[in-house]
Amino acid sequence: VDFTVRSHGQNVAASILGSAAISSASANIGDSAPSDPPTVATWVGGSIAATNDVKVWSVVSTSAYAENEAISGAIVTARSADASVDVQPTIRTYAATGAVVASQSGNVSFLAAHNFDPIGSVYRTTKKAEASAGSYGGGVVNLDIGSDIDATAAADVDVTIRAGATMRAGNTVSVTARSSNVAEARFESAGGGLITISAGADPTATASGRTAARLLGNVLGADTVSVGAASATVLADARDFASAKIQLVQGGLVAVGVSEATAHADPDVSVEIGAGASKLAVSSGISAKAVSNYDSDANTKVSQVGLVNVTGLTATADAAPKATVTVNDGASLTAGGLIELAATQNKIDTAISDGSFDAAGDVARGGGGAIESATQNTISFGLPHGLASGDVVTYDARGETVVGGLTNGRSYGVIVIDADTVQLGARFEGGSVDPATDTILFTAAHNLESGDLVRYFGAGIGGLVDGRQY
């Protein structure tokens with residue numbers, strides 16, 4: 001099932017003495033609370049017996065976009081542009097009490113998915129809740145006030161094998177919930193006048209999905225004693241990203257900007273196993289994982305040109321994530337292999353260097369010759385460092401012998417050579433060199449001190465030789 005809604009509003013007003021442009025746009029999917037009946041539901045209430053795979057899936061994609069523009073021009077102008085998006089579908093997949101689902105030689109799969117492609121096993125990253133408002137105008141007195149921009153992405157996704165239901169498979173029984181909730185709220189204002197005031201434009205983005213996978217019934221053989229599958233997996237995996245942005249461009253004798261961008265990321269990701277006397281028996285392993293990836297980002301940017309500039313922009317981002325795995329009292333888990341229970345949040349799968357290195361083996365020193373290679377004078381960490389050229393790091397010898405040419409406790413600029421290797425120094429472009437004054441203009445702090453010895457690596461700048469020390 002794919003739900004897509006769009007709303008666009010535009011109000012244009014112009015007059016000689018005064019004008020006002022006030023408009024709103026909204027787009028909604030689902031209810032403010034989980035709906036009953038659900039937006040989409042797939043379930044088994046009786047018995048299924050199959051030779052190969054059994055798939056019971058609810059797969060839903062949602063995308064909502066509300067855009068609004070208010071444009072006005074006059075001696076005195078006032079504008080307000082509202083936009084709101086609310087995406088809160090309720091998605092359910094379940095096996096009812098008493099249901100029996102069996103695959104003789106295949107897999108039994110129950111899935112509830114929101115903005116996820118189960119065939120390609122990837123999230124649909126273009127599916128979002130987006131609210132965008134723009135306010136544009138000019139006049140002697142230019143007012144942009146009272147714009148509300150709200151985006152909420154809060155899908156309620158639940159897959160449950162209810163207590164009293166029984167699953168069995170020749171291979172794997174899987175119970176999976178996956179959900180992507182991305183909310184973006186943006187406000188942009190451009191105004192010019194003798195007096196320009198932007199106030200009360202408060203974009204708010206909220207990503208607060210509920211994603212739950214529950215195996216409360218049994219995984220047992222037909223005799224209700226022997227193993228019911230080779231393995232069992234219960235997975236709740238969610239991504240909840242919220243972004244709120246303000247961009248103001250103002251000009252005039254007096255320019256005032258007062259607004260707030262707010263982002264909330266409040267995901268609830270949970271896995272639950274067992275209810276009462278339920279039994280899970282497999283010949284290999286049992287895996288139960290709650291995986292939550294989330295981010296909350298608020299950003300404000302203002303460009304003001306005026307004799308008097310006053311800016312009161314606030315950016316607030318917060319997160320209250322929850323990821324849990326619960327095995328209920330009375331449940332029995334029997335496995336011939338590993339039983340893995342894990343709840344993770346923003347887990348980094350790739351190992352990252354902690355910034356330490358061995359001065360004896362990880363520093364490629366130059367030979368001290370008149371000319372050296374750009375591959376010398378490097379530090380290798382053995383793992384990805386995660387740095388970017390222009391970053392600033394502080395050298396700490398940690399009580400060991402200080403590396404020649406460095407000063408303990410001093411900060412240095414970074415030049416990235418590759419994912420594991422850096423040099424210490426600063427980059428500059430050829431156009432930043434003034435041959436008349438023999439000076440180099442860096443675009444950021446160079447962290448050099450008078451008396452430092454440096455080596456130049458590059459070409460095309462008269463008077464400098466590639467690889468030479470200065």
Side-chain angles (χ1 to χ4, degrees), residues 34-59 90-113 156-179 210-236 268-290 324-336 339-341:
S35 61
D36 186 15
T39 306
V40 174
T42 307
W43 72 93
V44 176
S47 297
I48 295 177
T51 301
N52 297 312
D53 292 349
V54 177
K55 297 179 180 179
V56 184
W57 289 3
S58 299
V59 180
T90 304
I91 303 164
R92 296 288 185 266
T93 302
Y94 64 93
T97 299
V100 177
V101 180
S103 168
Q104 182 178 348
S105 58
N107 304 302
V108 171
S109 169
F110 277 69
L111 170 69
D156 187 284
V157 181
D158 187 298
V159 57
T160 300
I161 307 302
R162 294 180 178 175
T166 299
M167 306 290 110
R168 62 179 63 103
N171 290 320
T172 300
V173 171
S174 63
V175 181
T176 305
R178 292 184 181 269
S179 183
R210 174 186 173 270
T211 308
R214 302 184 293 170
L215 205 174
L216 307 180
N218 306 300
V219 178
L220 285 173
D223 59 4
T224 69
V225 176
S226 59
V227 298
S231 61
T233 64
V234 186
L235 171 66
D268 186 344
V269 184
S270 65
V271 163
E272 187 178 358
I273 295 180
S278 63
K279 297 180 180 180
L280 277 68
V282 299
S283 58
S284 184
I286 297 173
S287 172
K289 295 181 180 180
T324 60
V325 173
T326 303
V327 178
N328 290 316
D329 291 343
S332 172
L333 278 63
T334 304
I339 297 178
E340 182 180 12
L341 309 176

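Atoms considered below: every heavy atom in the structure, side chains included; atoms not considered: hydrogens, waters and symmetry mates.
- Contact check for N52 versus S105: side-chain heavy atoms found under the 4.5 Å cut-off.
- The closest donor-acceptor contact from the side chain of S58 to the backbone of A112 lies at 3.5 Å or more, if one exists at all.
- To the nearest 0.5 angstrom, T324 atom OG1 is 8.5 Å from E272 atom CD.
- You'll find the side chain of S231 stays beyond 4.5 Å of the side chain of N171, heavy atoms only.
- Contact between T93 and V56 at its shortest, heavy atoms only, is CG2-O, 3.3 Å.
- Distance CG/L341 to CG/L333: 7.5 Å, rounded to 0.5 Å.
- Side-chain contact between V44 and F110: present, with at least one pair of heavy atoms (C-beta onward) separated by less than 4.5 Å.
- Here the CG-OG distance, from N107 to S174, works out to 7.0 Å after rounding to the nearest 0.5 Å.
- Residues N328 and L216 are in side-chain contact: their nearest non-hydrogen atoms beyond the backbone lie under 4.5 Å apart.
- Here T233 pairs with nothing under the side-chain hydrogen bond (donor to acceptor under 3.5 Å, both in side chains) rule; sequence neighbours left out.
- In plain terms, the two heavy atoms of I286 and T334 that are nearest each other are CD1-O, 4.1 Å.
- Pairs passing the salt bridge (charged side-chain N to carboxylate O under 4.0 Å, His left out) check and including a residue from residues 158-176, sequence neighbours excluded, read D158-R210, D158-R214.
- No side-chain heavy atom of K55 sits less than 4.5 Å from a side-chain heavy atom of L111.
- I273 and A331 make their closest contact through O-CB, 4.3 Å (heavy atoms, listed as atom of the first residue, atom of the second, distance).
- Taking both residues in full, the closest heavy atoms of S283 and A230 are given as OG-CA, 3.3 Å, listed atom of the first, atom of the second, then distance.
- Formation of a donor-acceptor pair under 3.5 Å by the N218 side chain with backbone atoms of K279 is found in this model.
- Note that the OG1 atom of T176 and the NZ atom of K289 stand 11.5 Å from one another [nearest 0.5 Å].
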Stepwise side-chain contact (heavy atoms from CB on, under 4.5 Å) test for L235 and R178
CA-CA 8 Å; L235 171 66; R178 292 184 181 269; 3.4 Å; yes
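- T42 contributes a side-chain N or O that, together with a main-chain N or O of W57, makes up a donor-acceptor pair within less than 3.5 Å.
- Residue A281 comes nearest to S226 through the heavy atom pair CB-O, 4.3 Å, listed as atom of the first residue, atom of the second, then distance.
- Across all non-hydrogen atoms, the minimal contact from A169 to G106 is CB-O, 3.6 Å.
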